[in-house]
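Below: the structure, in structure tokens.
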Amino acid sequence: MFLGTYTPKLDEKGRFFLPAKFREELDEGLVITRGQEHCLAVYPMSTFVEMTREIAKGSVSVKKVRDYQRMLAAGASDTAADKQGRVMVPPMLRRYAGLGKEIVIVGAITRLEIWDAAKWEEYSTAQEADFAQMNEEVFADE
């Protein structure tokens, strides 16, 4: 489970230090791909494989299924942290998320998300006001 908020910096090569508490869980490899709201999603390799098995069940005769599969796979990069715990974010994904030097790593339960720091501040500030209402909507059936 991925929890918490961290603020490493991207170096000139597009690398960041993975928070130490997540290194063991991501030791078998990870996948970085496009996330929603122009952040990046980081999945343990096993979680990504499981997720793509479900996505692959969708019919390729449905345009939205094809579109989603293409966008997810075309933007995905499988990698691992180096011996120092650094992870390199490919240039295409840095551009997609608008990442500068200042980034925020957010635990999002099943994944980590990588945000540009200014975009995260704007997003989280806007969401905080609606958080209580979200709880009622997300868990409406319970």
Side-chain angles (χ1 to χ4, degrees), residues 1-60 62-135 137-142:
M1 184 177 339
F2 298 104
L3 304 172
T5 303
Y6 307 85
T7 55
K9 298 197 183 320
L10 273 184
D11 68 14
E12 63 282 347
K13 294 180 181 178
R15 300 174 301 188
F16 67 93
F17 282 99
L18 191 62
K21 71 182 285 182
F22 302 131
R23 291 180 190 173
E24 186 175 328
E25 189 163 354
L26 296 170
D27 196 40
E28 298 295 318
L30 57 95
V31 175
I32 305 173
T33 192
R34 294 178 184 106
Q36 280 66 40
E37 293 81 39
H38 282 270
C39 70
L40 301 179
V42 179
Y43 295 95
M45 181 64 72
S46 59
T47 301
F48 190 77
V49 168
E50 184 180 308
M51 185 175 80
T52 56
R53 281 188 184 129
E54 288 300 311
I55 293 166
K57 290 179 182 178
S59 174
V60 294
V62 176
K63 184 177 182 329
K64 290 281 186 196
V65 171
R66 291 191 312 270
D67 291 344
Y68 186 79
Q69 289 173 342
R70 282 186 195 120
M71 292 304 292
L72 181 69
S77 175
D78 58 327
T79 189
D82 67 15
K83 291 177 183 175
Q84 289 80 37
R86 295 175 300 192
V87 174
M88 202 278 287
V89 180
M92 182 215 34
L93 290 174
R94 292 194 309 260
R95 283 190 301 276
Y96 169 80
L99 300 182
K101 184 177 182 175
E102 305 293 324
I103 64 170
V104 176
I105 306 293
V106 178
I109 303 172
T110 60
R111 68 195 176 282
L112 293 173
E113 292 183 344
I114 305 172
W115 289 77
D116 173 77
K119 288 182 182 177
W120 171 251
E121 181 64 29
E122 180 181 318
Y123 174 83
S124 63
T125 298
Q127 296 305 311
E128 284 175 358
D130 295 329
F131 184 63
Q133 182 64 33
M134 283 182 226
N135 187 54
E137 292 173 14
V138 171
F139 298 105
D141 294 336
E142 294 182 13

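Please read all numbers here as calculations on a predicted model, not as lab measurements. Side-chain atoms are counted along with the backbone in the values below, which use heavy atoms only and exclude waters and symmetry mates.
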**Enclosure of Lys101 NZ (heavy-atom neighbours >12, cutoff 6.0 Å)** = no
**Flag if over 12 foreign heavy atoms under 6.0 Å of CE, Met92** = yes
Spacing of [atom1] belonging to [X] relative to [atom2] belonging to [Y], to within rounding of 0.5 Å:
X	Y	atom1	atom2	result
Tyr68	Lys64	OH	NZ	12.5 Å
Leu30	Tyr43	CG	OH	12.5 Å
Ile32	Met88	CD1	CE	8.0 Å
Arg66	Ser59	CZ	OG	8.5 Å
Leu40	Leu93	CG	CG	5.5 Å
Thr5	Ile105	OG1	CD1	10.0 Å

Expected output: side-chain [X] to main-chain [Y] donor-acceptor under 3.5 Å:
X	Y	result
Arg86	Ala81	no
His38	Gly98	no
Thr33	Ala41	no
Tyr96	Gly35	yes

**Prompt:** What residue pairs, at least two apart or across chains, pass side chain to side chain donor-acceptor pair (under 3.5 Å) with a residue in residues 107-124?
**Reply:** Arg111-Glu113, Glu113-Trp115, Glu121-Thr125
Going by heavy atoms in the side chains, are [X] and [Y] under 4.5 Å from each other?
X	Y	result
Cys39	Ile114	no
Phe22	Leu112	yes
Phe16	Lys9	no

**Message:** The test is side-chain contact (heavy atoms from CB on, under 4.5 Å); show your working for Glu102 and Thr7 and say whether it passes.
**Reply:** CA-CA 7 Å; Glu102 305 293 324; Thr7 55; over 6 Å; no
**Asked** Can you list the steps and then say if Val42 with Phe2 is a side-chain contact (heavy atoms from CB on, under 4.5 Å)?
**Response** CA-CA 10 Å; Val42 179; Phe2 298 104; over 6 Å; no
**Prompt:** Do you know which two heavy atoms are closest between Gly100 and Leu10, and how far apart they sit?
**Reply:** O-CD1, 3.3 Å
**Message:** If you compare all heavy atoms of Ser77 against all heavy atoms of Pro90, which two are closest, and at what distance to 0.1 Å?
**Reply:** OG-CG, 3.4 Å
**Asp67/Arg70 salt bridge by N-O under 4.0 Å criterion** = yes
With a 3.5 Å cut-off and sequence neighbours excluded, list the donor-acceptor pairs that the side chains of residues 49-56 form with protein atoms.
| unit_1 | atom_1 | unit_2 | atom_2 | d |
| --- | --- | --- | --- | --- |
| Thr52 | OG1 | Phe48 | O | 3.1 |
| Thr52 | OG1 | Val49 | O | 2.9 |
| Glu54 | OE2 | Lys57 | NZ | 3.0 |

**Request:** Hey, could you give me each pair passing salt bridge (charged side-chain N to carboxylate O under 4.0 Å, His left out) that has a residue in residues 22-44? Not counting sequence neighbours.
**Result:** none
